[in-house]
Every structure is written in C-alpha cells, then in structure tokens.
Amino acid sequence: MSDNLHQLRCFGCGARIKGAEARPDFRCALCGDLFEVEYPGWGERRGNDRPNPGALKWLWRERRSSSEALDRSGVWRFRELLPILDSFGSALTLYEGNTPLYHLTRAAKRLGIDQLFAKHQGMNPTGSFKDTGMTAAISVARERGFEWVACASTGNTSASMAAYAARAGLRSLVLIPDGKIAWGKLSQAMDYGAVTCQLKADFDGCLRLLTQIVNEAPIYLLNSVNPYRLEGQKTPAFEIAEAFDWIVPDHLIVPGGNLGNSSALGKGFRELHELGLVARMPRISVIQAAGANPLVRCLAENDGTELEPVEAHTRATAIRIGNPASWRKAARAIQETGGWCLDVTEAEIAMAKAELGAEGLGCEPASAVTLAGLKKLRARGAVSGGETVVLVLTGHTLKDADYTIDFHRGTLLNAEETEGVEAEIEALRRNARVMDATPAAVLATLKDKVG
Ligand code: F0G
C-alpha cells in the first residue's frame, strides 16, 4: 500500500496536478504561480484518509519515547500529516526538529508580556530551520531517482541541502551571492561536499539563474518554491501546538526573507485547525529588515495584491532578499490570521540580537528581527501584556560570528544607524578586554563591571 496521499494545487489558478507532473521549476504551466501540497482525503468527513485528531495526539506523544529512526525525527514523528512519499521507508533523517521552546523571562519582563517564548529552530542538525524542510524534500528527490540536487541560497539552505544530500548519497550544487553570505554557512556547504558556485549576483539573481539551469538539466530544485520543503517546514507548528497542549499561542512572530517559512507555518496551523486538532490559528506576523522589505511595502501599498521587488540591503544576510518567491502564500497567512507585517532597522536588529544573547539564547541577526518587531508592536499597543507570544528563532548564533564580534567591538553600525540609541547600544556591548596576565588585572575588571 502506498503511503502517498497528496496532490499539488496551484496557489494562483487552483489547477491540480499529480506530484510527479510538476515542472522542474515548480511553477504552474497555466499561470506561473507556485504549488501547494494538498491531501484530498482530508476534506471527506468520514473518509479513511481523514486523520483522527485524538488518536494522532496520542500517537505523536508515544513516538517521543520510541527509538525508531523516523519517530526520533521531529518532522517524521508527524508523518500522518505529510504523506508525500510512496513509502515512508524512503525518508532520510538527520533527527531534525524537536527543537527547544524557551521561556524568555528577561525580555518578557522588559516588555510586560508574561508568556513570551522562543522556538529555537537554530538547534537543528545544521543550525537552522531549513533542516525540517530539507528532510522532506530530499526524501522526495531520492525516491524520484534524482542524482543531483541544487539550490540558490543566502547560506542556510545550502548548508542544510549539502548535509542531507551527502547523507542520501546525492550530489549537490549551490549558487550563492559572492561575498554576501556568512562564513559559517559557506564552510558547511564546503564541508558537506557541495559544488559551491559564488556568483556575481544577489540571491534573487542566483535563484533566477538556477531556475534556467533546472529547466535544462535533470537537477532537483530544493529552494522553497519546492512545495515539499514547506511540508517539512510546517511541522514546527505541530511542535508548538503540542507544547501548549493543543491550545495555540495567541501570536507567532516569524522573520521574512523568501517567505517560505511564514507560509509553511501558516499552512501547518491551518491544517491543524481544519482537521480539528486545535480550535483556532495564532496570529502570524512577519518581520523584515527595513532594507529588504518588499512584503511590508506590498501589504501597506496595495493590500497584498502586487509585489514590487526591491534592491535588498541588510547585514542580516539570511534575509537579504528583494523578490521573495512565496510572498502570496505569506500574505495569506498574515491576512487570514490578523497578523502584522513590519520592518526593523539595522540598529534594532543588532540590539534585539544582543538582548537575546544576554539571555543565553544566541541566534542569527535574521532571527533577532522577531524580538525587534515585537518591541515595536508592543510599543504601538498592538500586542497586549496578557498574550502568549512565540518568536521563531531561525538560525544558530555561530552561523555568523563576525556579525556578533563586530557588534561587541563597536564596528558593526555606522553613526547614522546608531543615532538616538547610542546609550542603549553601549549598555549591550561586551567587548573582550586585553590585559596583563595577572590576578590584579582580572580582578580590577570585575570591580569595574560591578561598580
Ligand atoms: N532566518 C534565517 C536564519 C534564514 O536563513 C532565512 C532564509 C530566513 C530567516 C527567512 O526565511 O526565506 O523562509 O522567509 N534563508 C534562505 C537561505 C533564503 O537561502 O538560507 P524565508
């Protein structure tokens, strides 16, 4: 019996096709929009394929004490809600998911929000949330017999893809913007054996080029235009709902780059709601960097009907994207849940990152936009003190150590960027001190700090 219950539905025109019929660039042949995975059996009230909510909650909890490989994955533990493979035996896992949910006590106190949490997706095998999607899409690539996989990336997708491809025995091709990605990420792609090409182009240019390449050669595209990536990336929604005993938090805040992640989390919560596992969806807000904010503009200027690409600039290189592929899907997640979409400055990102770090929760600059965005929403009165809020931290702090060191040394931001917040930044900086190797010198530093 096949485990496969899915079909693909075009997000734009609603056309339905079988999974294997998708074009190499995953665009609809009729209207050019992206596909979403759909499970027709779920709509039938009494059909055999419609999952039973009570039984699923019990089964998923049981699997947490199982030693079976797929049960130990925080993605495949929920496999009843991602029947995308002919056989779950084809699934390839690095034991992704099952990431920690931390209570952010100090930030909560400062903001006057009791229930503030961080879902740390940087605690995945390659240090970012991409692993939850990669396990799903690489498994499809392997089952369909591809030898080569490829992605354009700002760094994390390539690190993740290279690792999963290596484990699956597949070859991988990475296109990255020359000089605009963090070294930690580039080093991973090299280490995991990818063919890595640094192009004189930005992320959007890399993705455009790769789209042409996959149309000419039998290479499986693993960017988030690939709908199977989003199936894996929806599972943190299940983990979050489970962690709150299936009473979803009021508000989920997600960084926005190519906008696959916010789309996927929206789909995850939507499916839980439609299947009766939770009573409602959380509000989903997306935060972008001010220099890379095409979705913010599009929602403000034309209510999400048309996206004008921008030339992207931000030191949060993971989200340095001006023409996001999944913007329509992300706009739907925001609009249907009553969420917000706003942008934050370079100084706001750097300060939020340092505040999270000071709570013992390091993350990438791109992840810190969530806390920076929440501070803004709270200041505007859009979030009340009684709400339960979850920030999605997408990447590990060691991905971009240069950024962190530059911040603490005081060389990250320029005078224009820090204007008005110099004192706040100064209070957050913890630069290393050079001193004589004597007890007196070290102890004097402590006195200095305490005083
Ligand atoms: N945070 C991190 C750490 C990321 O690496 C990315 C995207 C995002 C947030 C934004 O997520 O694109 O789904 O809206 N990184 C991609 C990459 C583009 O190539 O690694 P998104």
Side-chain angles (χ1 to χ4, degrees), residues 34 99 119-124 126-134 150-163 174-177 180-182 184-186 188-189 194 196 202-207 210 221-226 229-230 232-234 236 253-268 284-289 292-296 312 314-331 333-334 341 344 349 353 356 362-373 391-400 403:
L34 297 176
T99 53
K119 176 74 172 159
H120 206 327
Q121 295 295 95
M123 301 299 192
N124 269 296
T126 76
S128 85
F129 72 101
K130 306 287 182 179
D131 295 343
T132 56
M134 208 50 78
C151 70
S153 180
T154 57
N156 280 326
T157 303
S158 49
S160 180
M161 180 189 76
V174 165
L175 303 190
I176 49 171
K180 295 279 177 7
I181 81 163
K185 305 174 188 182
L186 179 58
Q188 286 179 289
T196 304
D202 57 9
F203 168 83
D204 304 296
C206 291
L207 187 53
L210 187 59
L221 180 63
L222 282 176
N223 278 95
S224 55
V225 293
N226 180 322
R229 278 266 314 275
L230 303 196
Q233 281 178 216
K234 76 186 181 185
I253 305 187
V254 192
N258 211 21
L259 299 172
N261 202 30
S262 34
S263 306
L265 293 168
K267 186 173 195 280
I284 296 178
S285 292
V286 174
I287 316 295
Q288 299 197 293
N293 63 353
L295 187 68
V296 176
T314 169
R315 293 185 188 83
T317 50
I319 50 173
R320 194 173 177 277
I321 295 173
N323 190 14
S326 296
W327 69 272
R328 276 187 210 279
K329 294 181 183 177
I334 296 167
C341 184
V344 290
I349 297 172
K353 179 174 144 46
L356 288 163
C363 65
E364 275 198 49
S367 310
V369 301
T370 54
L371 179 60
L391 310 179
V392 179
L393 303 185
T394 44
H396 198 282
T397 185
L398 293 178
K399 290 277 192 173
D400 194 353
Y403 180 102

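Note that ligands are numbered from 1 as they come in the structure, with each ligand's atoms numbered from 1 the same way.
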[X] heavy atoms, cut-off 4.0 Å: which ligand 1 atoms fall inside?
| X | value |
| --- | --- |
| G260 | 13 (O), 14 (O), 21 (P) |
| I321 | 18 (C) |
| G256 | 14 (O) |

| field | Within residues 316-325 or reaching into it, pairs that qualify as salt bridge (charged side-chain N to carboxylate O under 4.0 Å, His left out) - sequence neighbours excluded | value |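 Passing the test, one end in residues 316-325: no pairs.
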
| said: So, regarding F129 and ligand 1 (criterion: nitrogen or oxygen to nitrogen or oxygen, under 3.5 Å), is there a contact or not? | reply: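 So ligand 1 has no N or O lying under 3.5 Å from an N or O of F129.
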
| So is S158 polar-close to ligand 1, meaning N/O to N/O under 3.5 Å? |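 In fact, backbone or side chain, S158 has no N or O that close.
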
Tell me which protein heavy atom sits closest to [atom], plus the residue, atom name and distance to 0.1 Å.
| atom | result |
| --- | --- |
| atom 12 (O) of ligand 1 | N258 N, 2.7 Å |
| atom 20 (O) of ligand 1 | T157 N, 2.8 Å |
| atom 1 (N) of ligand 1 | T394 OG1, 2.7 Å |
| atom 5 (O) of ligand 1 | N156 ND2, 2.8 Å |
| atom 13 (O) of ligand 1 | N261 N, 2.8 Å |
| atom 16 (C) of ligand 1 | K130 NZ, 2.8 Å |
| atom 8 (C) of ligand 1 | I319 CG2, 3.6 Å |

| field | Test applied, side chain to side chain donor-acceptor pair (under 3.5 Å); reference residue, D131; option that passes from T126, N124, T99 | value |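 With D131 as partner, T126, N124, T99 yield a single side chain to side chain donor-acceptor pair (under 3.5 Å), made by T126.
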
| message | In this structure, does ligand 1 have an atom that sits under 4.0 Å from one of the heavy atoms of S224? | response |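 Distance cut 4.0 Å: S224 fails for ligand 1.
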
| request: Determine, using heavy atoms of V254 and all atoms of ligand 1, whether some pair is separated by less than 4.0 Å. | output: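 V254 does not count as a contact of ligand 1 under the 4.0 Å cut-off.
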
| For the side chain of S367 and the backbone of G395, is there at least one donor-acceptor N/O pair under 3.5 Å apart? |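 Yes, because the side chain of S367 sits within donor-acceptor range (under 3.5 Å) of the backbone of G395.
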
| said: My understanding is that only residues two or more places apart in sequence, or in another chain, count here; which of them pass side chain to side chain donor-acceptor pair (under 3.5 Å) with K399? | reply: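 With neighbours one apart ignored, the set is N156, Q188.
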
